[in-house]
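Values reported hereafter were calculated over all heavy atoms of this structure, with side chains retained and with hydrogens, waters and symmetry mates removed. All chains are named by letter (A, B, ...) in the order of the sequence lines, taking the proteins before the strands, and each is independently numbered beginning at 1. This one's a predicted model, so the numbers in the text were calculated from it and none came from an experiment.
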Protein chains: 2
Amino acid sequence: MNLDARISVLERSSFFNDANRDTLVHAAETASECPVAKDEQLFRQGEEASHSYLLAWGRVRLDQTTSDGRNVVIRYLGPGDLIGTVAVLRRKPYPATPVAVEDGMTLFWGAEKKAQLIAEHPVLATNAIELTGSRLEELQERLREVATQRVERRIAATLLRQVRHAGRRVEDGVEIPFTLTRGEIAELTATTLHTVSRTLAAWEQEGILSGKRASHLVITKPHRLVEIAEQE
Amino acid sequence: MNLDARISVLERSSFFNDANRDTLVHAAETASECPVAKDEQLFRQGEEASHSYLLAWGRVRLDQTTSDGRNVVIRYLGPGDLIGTVAVLRRKPYPATPVAVEDGMTLFWGAEKKAQLIAEHPVLATNAIELTGSRLEELQERLREVATQRVERRIAATLLRQVRHAGRRVEDGVEIPFTLTRGEIAELTATTLHTVSRTLAAWEQEGILSGKRASHLVITKPHRLVEIAEQE
DNA sequence: GGCTGAGTTTGCGCTAGCGCAAATTCGCGG
DNA sequence: CCGCGAATTTGCGCTAGCGCAAACTCAGCC
């Protein structure tokens, strides 16, 4: 990636919202590139936070593992999303393990460079607060769902969230443009893969959605899914 | 509160960590004071975020209500904690309703003044990221607990969290220095008040803790509670 | 001091959904 | 093309804990 390509990637990220040319150039010049292969981990939960990443393209799943070995999917990240930035700024260990769900490319900065970038460009600090706040809001929403809703609603809400983040219109409806297994949906919604499988099988029968394994989920009746998510 | 008293309040808040005298004075001079009475709401979830608060003393519970009228307790706030700041900075509606659990006092700033404070004192932006990140981390932890743990463990973890945030050594053990009802514990741990009641009754019988209603919970065997929180 | 309402406790029936087990499917790599 | 492993599906027994109902407790207010 040359400088212009990098700048093009950066200006599409909300972390660089309202950033001027100087900021973009500074960030582009100080960044390094790192391709990431499917299933590769950028870093591991618990490690010292040494680098902060921005996903140029590809998709990444953010996993947290519990002390008894269970996994919770925190979120899916797409192009323009930051990875590891808050941990770097806080000088805390990484709280999660980002796993690439497809081949991709990242730009990354060492902790010092990132802190300097933010110190010299206050708009980036403001944007970091915005982004962290946005993550906070989403987690609050998820906690509310898990605390108060049955599984079906939660699955519907989770799929709609992926649609909102990354959904793509296709001929039959809306596609979630990355691989999402029943197991992963289970780890996003605090349930088991068996329950997800049963639920999705029923919805597939009903024509609400289709897709499994490497074929991406396609929501054919999004309004139906919204109804399910909002039922009492 | 005179200026020195305000400064004393501010410098004890982690939002003002590493802030110099100028910053503290600026913040103290531009703040207004608002006492808050037990059960009073500072603002309501969904309202436009117009003011940002810092709790000088007292305790506040942060509630989120779902569309079907159920309540989730997001966290308890104590002296030095910010209330509504992220929403103000993000120019989003308030995501929660802060309810005073005892009489207290707040300092507050209008949105413009707060944004200006942060723009003129970059250390505050850094601290805001730190604080938001810390909230994020806690919510991730709670989500992991709800997703993967049985109720008992969750209750234990929740009580230990209050102890860590606000616990006070007393003669018999560690006191949680604010009123925490079984219903509120239920809303913190995604369970029902009946289950909390049963669990706490058993633990009280076992000598692990004591206290109900207006009498604060006292954890008499904290190590036992840690064991429960960490069991598999 | 008495009353009241909110908080706590307890019994118990019920079920959502967990988790075991096994069968089926399918995508990928050699 | 075949084998294999991971993903998906399906049957089913079981139980953690929900939620209804009712009784008890106690703090605060008049």
Rounded distance (Å) that lies between atom [atom2] of [N] and atom [atom1] of [X]:
X	N	atom1	atom2	value
H216(A)	dC26(C)	NE2	P	17 Å
R182(A)	dT24(C)	CZ	C1'	14 Å
E152(B)	dT15(D)	CD	C1'	15 Å
L180(B)	dG7(C)	CG	P	12 Å
L217(A)	dT8(D)	CG	P	9 Å
H194(A)	dC18(C)	NE2	P	9 Å
L200(B)	dG17(D)	CG	P	14 Å
R198(A)	dT8(D)	CZ	C1'	11 Å

Could you tell me whether the phosphate oxygens of [N], OP1 or OP2, come under 4.0 Å of any side-chain nitrogen or oxygen in [X]?
X	N	result
T192(B)	dG19(D)	no
K212(B)	dA27(D)	no
T191(A)	dC18(C)	yes
S197(B)	dT9(C)	yes

- Task: Could you check which of dT9(D), dG17(D), dG17(C) has an atom nearest any side-chain atom of E204(A)?
- Result: dT9(D)
- Task: Report which part of the nucleic acid T181(A) touches: base, sugar-phosphate, or nothing (heavy-atom distance under 4.0 Å, all strands).
- Result: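 The answer is sugar-phosphate, as T181(A) gets under 4.0 Å only of primed atoms, P, OP1 or OP2.
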- Query: With a 3.5 Å cut-off and just heavy-atom distances, do the side chain of R213(A) and the base of dT25(C) make a donor-acceptor pair?
  - Reply: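 Pair found.
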- Kindly compute the distance separating OG1 (T191(A)) from CD (E152(A)), expressed to the nearest 0.5 Å. 11.0 Å
- Task: Among R59(B), R61(B), K212(B), find the residue that satisfies the salt bridge (Lys or Arg N to Asp or Glu O under 4.0 Å) test when tested with E184(B).
- Result: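 When salt bridge (Lys or Arg N to Asp or Glu O under 4.0 Å) is applied between E184(B) and each of R59(B), R61(B), K212(B), only R61(B) qualifies.
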- Message: So P35(B) and M105(B), do their side chains get closer than 4.5 Å, heavy atoms only?
- Response: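 They are in contact (side-chain heavy atoms under 4.5 Å apart), so the answer is yes.
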- For R150(A) and for L193(A), find the nucleotide of DNA chain D with the closest heavy atom, then tell me which residue's nucleotide is more 5'.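 Looking at DNA chain D, the more 5' nearest nucleotide goes with L193(A).
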- Query: So H51(A) and F108(A), would you call those rings parallel, tilted or perpendicular, with 30° and 60° as cut-offs?
  - Reply: perpendicular
- Message: Which is more 5' along DNA chain C, the nucleotide nearest S215(A) or the one nearest R154(A)? Just name the residue.
- Response: R154(A)
- Chi angles and distances behind the side-chain hydrogen bond (donor to acceptor under 3.5 Å, both in side chains) call for T158(B), R154(B): CA-CA 6 Å; T158(B) 294; R154(B) 301 207 304 271; over 6 Å; no
